[in-house]
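Note sheet for the following structure.
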Amino acid sequence: MCGIVGFTGKQQAAPILLEGLEKLEYRGYDSAGLAISDGERVNVVKCMGRLAALREKSNNGKSVAGCVGIGHTRWATHGRPSDENSHPHVSENGRIAIVHNGIIENYAQIKEMLINRGRVFKSETDTEVAAQLIDYYYEGSILEAVAKASRELEGSYALGIICADEPETIVGLKSHAPLIVAYGEEGNFFASDVMAVVKYTKTVSYLEDDEIAVVTDKDIKFYTSFLDEIKKEKVTVDWDISSTDKGGYEHYMFKEIMEQPEAVKRTIAPYIIDGRAELSSVLDKAYINSLSRIYIVACGSSYHVGVIAKYNIEKLARVPVEVVLASEFRYCDPIVDKSTLVICISQSGETADTLEAQNEAKRLGALTLAIVNVEGSSIAKSADKVIYTKAGPEIAVATTKAYSTQLAVTILIALYVAECRGTIAAEEYAEIMRQLDVLPVTLEKILADKANIQRLAYQHFNNEDLFFIGRNIDYALSLEGSLKLKEISYIHSEAYPAGELKHGTISLVVDNMLVIAVASYGKLVDKTLSNALEVKARGAHVMGITTDSLRSHVEKATDEIITIPDAHDVLLPSLAVLPLQLFAYYVALYRGCDIDKPRNLAKSVTVE
Ligand code: M6R
């Protein structure tokens, strides 16, 4: 969602902020802006649209001179995307300018209070309310004014603030939305995430809720909202600048698809010791044996990982697993106690619903385990236990390598829990471990065959409606195949349990409709093929995805075929997801879509 960058130093701020905002584009946005202090005034330039429009409007930042400033990319929540509603917002007298990520829930009451005291508002946003409130409390100290305002603001927000009367300083404030500060050699920063500043520094501190950072060229000081000074740890992040560029590929998404073998290898390596899935440093064996149930809670693709994990954990470890969308979990009165393990899955570690669901699970007494990609993120910090996926920065909005690494972690969990509880035979365990060990190589082989998928995508990119069908893990994987296609190609598609089609949905099948039948799970392949034949009989064109050894069998019921190498059931979705990602990618490419930044979507969803 919205991206924030602030800089104070010896160089011109605007070009640095524009560059930083470009690194945050992946978060999703519809307008952008800058506020720069020239020592006397704060000058604002902002507009609707992409950063290229802001570059043009500000003459690449030259029209706003000064070494201190804040920048913003906005993803509209309160008020439609427009020049006026873009950030930064300024107080009526122009003294305070702020940028904001999140939602101020009590903005209407505060606005009414300020209007009653004679303040006039220009925009419909909650952000302008915060700017005016800070100005209302300003009596010569921006720190004190921000502290007073922070005690009144409710909701989830990160704010970046600049004050014309204190031209050397930028101030950051955080509550349930991410904000880091970063220590550069020639100036200091704050930002929504490390990506914006990694070109200049890898040394950062993470702000906690209700903490204020006062950032100047010389130092960074931290305070509570009651103005007690606090010390914060400096952390060195291990992301380098090359991981934030496209590495010669046309799109981040494609680069990230190709990075999956390495990402999976990096993620699982620390947890495979002497040929065993070794998670005792994360989950104690005695605890695993006392478990009565597991919940997996997540959103979007991370939720889809959970759906596959349910099948795998229940199959291998015989523990009941419930998979719940994080936005539902919080309000469904879940049956959770201390014998429940709640696993929260998130790439960004900042998804508001997942974070709140995790907090709810903790409150109910469960042990929480987070599977997270971004180190130091809110979900990672507030979980009882964490397993980091080592996918590296994922910039395309459509997740690929994070999904694959999350899935690999859940296989390790299934194996570990199964071994602790004695529910898996030694031979089967050894076979899965052997295949897991060579998984990165197997993924490479599948990626090498991308030309076939590109050809099929070319044949089908004009479809406007399609179905993905499958059973069991194949159905669970279809959910992800369908989402990938929808989000980047804007084709309407639905994932359906194959056996459920006849209960209503088959009425939508018409001549030449493409149906993708995922039929890799040997035990149920015949059942899925019967359903494929049913849709074929009604005119559908069926593309099958199956394993090498099932090829000739599946070919009989389908019009065309994609194969993956044979594998143990629990590993099949890890393989079959690659053709589905590639198919979505190439279809979107042929349709001329904005693949890395699909319309209306944000990479990290930090509001409910
Ligand atoms: O960062 P998270 O994994 O918590 O994000 C959850 C979803 O927003 C995310 O998986 C989304 O569905 C993906 N962009 C889909 O590709």
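Both counts, for ligands and for their atoms, begin at 1 and track the order of listing.
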Atom pairs and distances, side-chain donor-acceptor, residues 576-587, under 3.5 Å, sequence neighbours left out:
| from | atom 1 | to | atom 2 | distance (Å) |
| --- | --- | --- | --- | --- |
| Q581 | OE1 | Q260 | NE2 | 2.7 |
| Q581 | NE2 | Q260 | OE1 | 3.2 |
| Y585 | OH | H251 | ND1 | 2.8 |

Problem - Ring centers of Y252, Y26 separated by less than 6.0 Å - result: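 Judged by ring-centre distance (under 6.0 Å), Y252 and Y26 do not meet the cut-off.
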Handout entry: Side-chain donor or acceptor of Q358 paired with backbone N/O of T368 under 3.5 Å
Key =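 Not a single qualifying donor-acceptor pair exists.
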Could you list each N/O atom of ligand 1 together with any protein N/O atom closer than 3.5 Å, one pair per line with the distance?
| from | atom 1 | to | atom 2 | distance (Å) |
| --- | --- | --- | --- | --- |
| ligand 1 | 1 (O) | S346 | OG | 3.4 |
| ligand 1 | 1 (O) | Q347 | N | 3.4 |
| ligand 1 | 1 (O) | S348 | N | 2.8 |
| ligand 1 | 1 (O) | S348 | OG | 2.7 |
| ligand 1 | 1 (O) | T351 | OG1 | 3.4 |
| ligand 1 | 3 (O) | S302 | OG | 2.7 |
| ligand 1 | 3 (O) | Q347 | N | 2.7 |
| ligand 1 | 4 (O) | S346 | OG | 2.6 |
| ligand 1 | 4 (O) | T351 | OG1 | 2.4 |
| ligand 1 | 5 (O) | T351 | OG1 | 3.4 |
| ligand 1 | 10 (O) | S301 | N | 3.1 |
| ligand 1 | 12 (O) | S301 | N | 3.2 |
| ligand 1 | 14 (N) | V397 | O | 2.8 |
| ligand 1 | 16 (O) | S301 | OG | 3.4 |
| ligand 1 | 16 (O) | T399 | N | 2.9 |
| ligand 1 | 16 (O) | K484 | NZ | 3.0 |
| ligand 1 | 16 (O) | E487 | OE1 | 3.2 |
| ligand 1 | 16 (O) | E487 | OE2 | 2.4 |

Handout entry: Heavy-atom side-chain proximity of Q347 to K603 below 4.5 angstrom
Key = yes
Practice task
Identify the residue among E262, E259, E375 that makes a salt bridge (charged side-chain N to carboxylate O under 4.0 Å, His left out) with K390.
Solution key: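 In the set E262, E259, E375, the residue that makes a salt bridge (charged side-chain N to carboxylate O under 4.0 Å, His left out) with K390 is E375.
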Handout entry: Donor on one side chain, acceptor on other, S482 and S493, under 3.5 Å
Key = yes
